[in-house]
There are 2 protein chains.
Amino acid sequence: MDERKRRILELLVEDYVNMGEPVGSRTLSRKYQLGVSPATIRNEMADLEEQGYLEHPHTSSGRVPSDKGYRYYVDQLLERPGLDRSLIEGIQASYRAKAREIAWLIHQTARLVSDITAYPTVVLAPRGEDARLAGLSVVILAPALAVLVLQTDSGYIESRTVGVPPELMGSDLAAMVAEISNTLEGVPLRDLENAMVKRLRGDLWRHHGFWLEVIQRLASRGDDEERVALSGTRSMLNYPEFRDVERLKRVLGFLETESEIDRLLRTRVSGRVEVLIGTEVPADDIQDCSVVTAAYRAGDQVVGRLLVLGPRRMHYGRVIAVLEAVSEELSRALEWA
Amino acid sequence: MDERKRRILELLVEDYVNMGEPVGSRTLSRKYQLGVSPATIRNEMADLEEQGYLEHPHTSSGRVPSDKGYRYYVDQLLERPGLDRSLIEGIQASYRAKAREIAWLIHQTARLVSDITAYPTVVLAPRGEDARLAGLSVVILAPALAVLVLQTDSGYIESRTVGVPPELMGSDLAAMVAEISNTLEGVPLRDLENAMVKRLRGDLWRHHGFWLEVIQRLASRGDDEERVALSGTRSMLNYPEFRDVERLKRVLGFLETESEIDRLLRTRVSGRVEVLIGTEVPADDIQDCSVVTAAYRAGDQVVGRLLVLGPRRMHYGRVIAVLEAVSEELSRALEWA
DNA sequence: CATTAGCAGTCGTGTGTCCCGAGTGCTAAT
DNA sequence: ATTAGCACTCGGGACACACGACTGCTAATG
């Protein structure tokens with residue numbers, strides 16, 4: 001693969017990514033002043049096709065990159081575009097506002113990435129299984145109303161408003177919560193239920209039904225709706241690849257199915273940004289799509305991932321750069337200061 | 001308009017709502033055993049068309065209800081279907097979990113309604129302008145980290161995690177918050193900023209920049225993203241009316257634009273469920289759609305609305321029934337106990 | 001030997017034509 | 001008032017055709 005072939009492949013991929021239509025030899029030579037005639041380019045393209053980097057939708061059309069072509073482009077030719085100074089600052093600023101509430105963080109991240117890249121984005125909430133209880137606090141708002149705040153050793157915070165049952169209304173709620181907090185400190189969240197059954201005593205035990213329910217809801221990060229955030233699906237309508245409504249339905253269905261996303265993301269283990277192109281994506285519902293994923297960390301441990309989905313013809317360079325920046329900021333936001 | 005005409009109009013609307021295709025005289029007579037021949041029905045339909053209740057997409061097709069036809073159906077013929085016992089219980093259960101956090105409430109409601117009705121749903125957050133500060137509390141999680149909880153007289157609660165600036169780290173945060181809370185109790189949220197500038201004294205004044213920012217963020221219910229919840233857009237793909245991608249884009253754009261939704265909903269003042277059919281909807285982007293809206297209350301005052309959008313051919317009866325039930329439950333959840 | 005011009009060949013797409021069938025409106029019979 | 005019968009209308013699918021974009025090949029060129 002000589003220099004000129006590489007150059008042609010690069011230009012072809014980029015033109016196709018931008019234009020969305022098969023690229024012909026004439027276009028290529030005229031548009032990018034390659035200094036050679038279309039015929040020469042045709043010869044080169046024939047070679048590239050034979051080697052599997054290009055495809056021919058049909059005889060009388062221009063060429064399109066194959067998965068292998070994209071792969072070569074991403075691995076060998078792509079240079080990461082530097083992001084705008086102002087864009088980076090925007091990303092940083094958007095994490096400054098409030099930080100530790102998981103639901104907010106993942107929604108914010110999904111929205112941010114889908115806004116910047118114009119591709120749909122899914123963010124998986126951080127794994128919380130290994131987290132341990134670091135503290136439990138209560139704010140009493142009214143005789144029958146309180147806010148409980150749970151804090152983990154990895155720095156997550158969850159709060160819930162709870163109604164106080166009548167039989168507890170006279171008692172010293174703050175003291176009870178403090179006692180629970182002391183008793184259970186250091187217990188992994190997933191063992192909380194067991195630990196409570198075993199360790200609660202006295203007054204606490206008498207009301208353990210109430211406490212159990214409240215704390216379970218706090219610890220499990222409740223409803224699935226808070227375990228995954230999806231944003232930017234509307235942008236799909238801008239890509240001719242998704243003009244077909246049936247296809248749109250399949251892809252959207254996939255993105256909204258937590259188990260599928262989970263399966264796809266949990267098997268990626270590396271801490272770096274990864275790119276899956278076309279058939280490399282192990283999911284039947286999203287044929288002819290590409291996926292870029294990144295990990296984020298809490299401390300030095302990878303705790304979650306996010307994913308950007310687009311047509312195979314996607315702006316890999318920009319997406320990769322954005323994901324690197326965002327996952328970096330998200331990790332920083334999760335750092336336990 | 002005699003009984004038989006009414007019956008024909010009713011059946012035609014319902015068949016068209018279910019099938020989505022213009023209804024012919026033959027279909028009508030065969031499918032619903034009207035006891036008269038297609039020819040008779042044709043005559044009746046011709047009359048109904050002349051009176052403006054029906055339309056003819058083209059000469060050789062069946063009839064379709066006009067806006068006036070739907071309107072007559074909704075006002076005169078529609079009988080509200082009773083909802084399943086189990087469905088009602090499901091609705092009630094979904095509000096039992098946690099209650100007073102606005103963002104959660106409106107998202108939950110949007111999701112609930114769009115799941116039940118299979119139409120996209122928008123919920124506007126309650127107006128908060130008239131609410132007054134009822135209390136402010138703090139939970140200190142770490143030297144530099146605290147959760148602030150704001151409570152209004154109408155029962156809303158908002159909480160935010162905040163980083164405590166270094167210069168405040170030694171001081172008695174709880175006392176400061178209690179003092180602010182006392183000082184500002186009863187102040188309408190929209191005047192908080194002014195009131196703080198005027199009333200803060202001593203230590204509090206010295207750090208008023210910090211307090212101002214924190215409390216403003218609490219009171220303004222922050223980002224727009226929390227002022228409106230949208231759910232169920234994917235269900236649009238199931239209606240042939242939205243097969244056209246351009247149209248889909250327009251309608252989605254409308255639903256995602258808070259100002260448009262606001263304009264549409266704020267002008268509806270009644271506390272009951274209202275139906276807008278086709279051209280009755282005052283918005284150019286959503287031609288050929290219908291909208292059902294309902295109000296919800298906090299106490300005895302209407303504080304917000306929600307909206308279900310569908311093709312003109314929508315299941316008015318069911319949507320109305322669901323909105324009545326849901327807005328009732330939502331109002332109950334907002335009641336200040 | 002690499003490059004290029006020229007030309008025949010291929011095939012998707014847009015356009016025009018035709019036919020079918022569903023459904024109507026009208027008229028005359030009941 | 002209702003119904004049967006029939007001519008008529010019109011949208012949509014099937015088919016054919018021409019256009020044009022692009023290729024692949026061959027032969028000429030430096």
Side-chain angles (χ1 to χ4, degrees), chain A residues 1-9 11-13 15-16 18-66 69 240-241 243-245 288 313, chain B residues 1-9 11-13 15-16 18-66 69 240-241 243-244 288:
Chain A
M1 173 97 77
D2 63 16
E3 190 49 44
R4 193 169 64 188
K5 277 199 180 54
R6 281 216 288 273
R7 179 82 180 131
I8 287 177
L9 178 55
L11 287 176
L12 192 145
V13 168
D15 192 85
Y16 184 58
N18 287 323
M19 299 297 128
E21 266 168 24
V23 187
S25 56
R26 182 191 208 71
T27 320
L28 221 46
S29 97
R30 189 159 22 84
K31 207 161 163 185
Y32 301 98
Q33 290 121 313
L34 283 177
V36 291
S37 78
T40 310
I41 297 184
R42 278 205 289 283
N43 289 327
E44 296 285 39
M45 293 205 299
D47 290 353
L48 284 169
E49 183 177 351
E50 197 170 355
Q51 296 168 61
Y53 295 104
L54 296 182
E55 281 171 3
H56 236 186
H58 48 268
T59 322
S60 69
S61 83
R63 254 82 169 199
V64 159
S66 66
E241 281 85 348
R243 204 69 67 77
D244 172 32
V245 177
D288 288 307
R313 167 184 79 83
Chain B
M1 171 96 78
D2 63 17
E3 190 48 44
R4 194 170 64 189
K5 277 198 179 57
R6 281 216 288 273
R7 180 79 181 134
I8 286 176
L9 178 55
L11 287 176
L12 192 144
V13 168
D15 192 85
Y16 183 58
N18 288 322
M19 299 297 127
E21 266 168 26
V23 188
S25 56
R26 182 194 208 69
T27 320
L28 222 45
S29 99
R30 188 157 26 82
K31 206 161 164 187
Y32 301 99
Q33 289 122 312
L34 282 177
V36 290
S37 77
T40 310
I41 297 183
R42 277 205 290 284
N43 288 329
E44 296 285 40
M45 292 205 300
D47 291 353
L48 284 167
E49 184 177 351
E50 197 168 355
Q51 296 168 61
Y53 295 103
L54 296 183
E55 280 171 3
H56 235 185
H58 47 268
T59 323
S60 69
S61 84
R63 254 82 170 198
V64 160
S66 66
E241 282 85 347
R243 206 66 67 77
D244 172 30
D288 288 307

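Letters A, B, ... mirror the listed sequences (proteins, then strands); counts begin at 1.
In this structure, B:Met45 atom CE and D:dT2 atom P are separated by 15 Å, rounded to whole Å. Rounded to whole Å, the distance from CD1 on A:Ile41 to P on C:dA5 is 12 Å. Distance A:Leu54 CG to D:dT23 P: 11 Å, rounded to the nearest Å. At whole-Å resolution of the value, CD in A:Glu50 and P in D:dT23 are 16 Å apart. Atoms CG (A:Asp15) and P (D:dC22) sit 11 Å apart, rounded to a whole Å. Here the P atom of nucleotide C:dG25 and the CZ atom of B:Arg26 are 16 Å apart, to the nearest Å. Here D:dT2 presents its C1' atom at 14 Å from CG of B:Leu34, a figure rounded to the nearest Å. Look at CD on B:Glu21: it is 11 Å from P on D:dG12, rounded to the nearest Å.
Closest of all the heavy-atom pairs between B:Met45 and B:Gly24 is CE-C, 4.3 Å. Residues B:Pro57 and B:Pro22 approach most closely at CG-CG, 4.2 Å, considering heavy atoms.
Under 3.5 Å, the side chain of B:Arg42 and the base of C:dG25 form at least one donor-acceptor pair of N or O atoms.
Other residues, nucleotides and ligands contribute at most 12 non-hydrogen atoms within 6.0 Å of the CZ atom of A:Arg7. Residue B:Gln51 places its CD atom among more than 12 non-hydrogen atoms of other residues, nucleotides or ligands, all under 6.0 Å distant.
Comparing D:dT23, C:dG25, D:dT3 by their closest approach to the side chain of B:Glu49 singles out C:dG25. Comparing D:dT3, C:dG12, D:dC22 by their closest approach to the side chain of A:His58 singles out C:dG12. Considering only the side chain of B:His56, C:dG25 comes nearest among D:dC22, C:dA5, C:dG25.
The shortest distance between the side-chain N/O atoms of A:Ser25 and the OP1/OP2 oxygens of D:dT23 is below 4.0 Å. For C:dT10, neither phosphate oxygen OP1 nor OP2 lies less than 4.0 angstrom from any side-chain nitrogen or oxygen of A:Thr59. Checking the phosphate oxygens (OP1, OP2) of C:dG25, a side-chain nitrogen or oxygen of B:Arg63 falls inside 4.0 Å. Phosphate proximity of D:dT2 to B:Arg4: present, with a side-chain N or O under 4.0 Å from OP1 or OP2.
In this structure, B:Ser60 reaches the bases: a heavy-atom distance under 4.0 Å links it to at least one base atom across the strands shown.
Of the possible polar contacts, none joining the B:Ser25 side chain to the B:Ile41 backbone as a donor-acceptor pair under 3.5 Å is found.
Comparing A:Arg30 and A:Asn43 against DNA chain D, the residue whose closest nucleotide sits nearer the 5' end is A:Arg30.
Base pairing analysis places C:dT30 opposite D:dA1; the two distances defining the Watson-Crick or G-U wobble pair are each below 3.5 Å.
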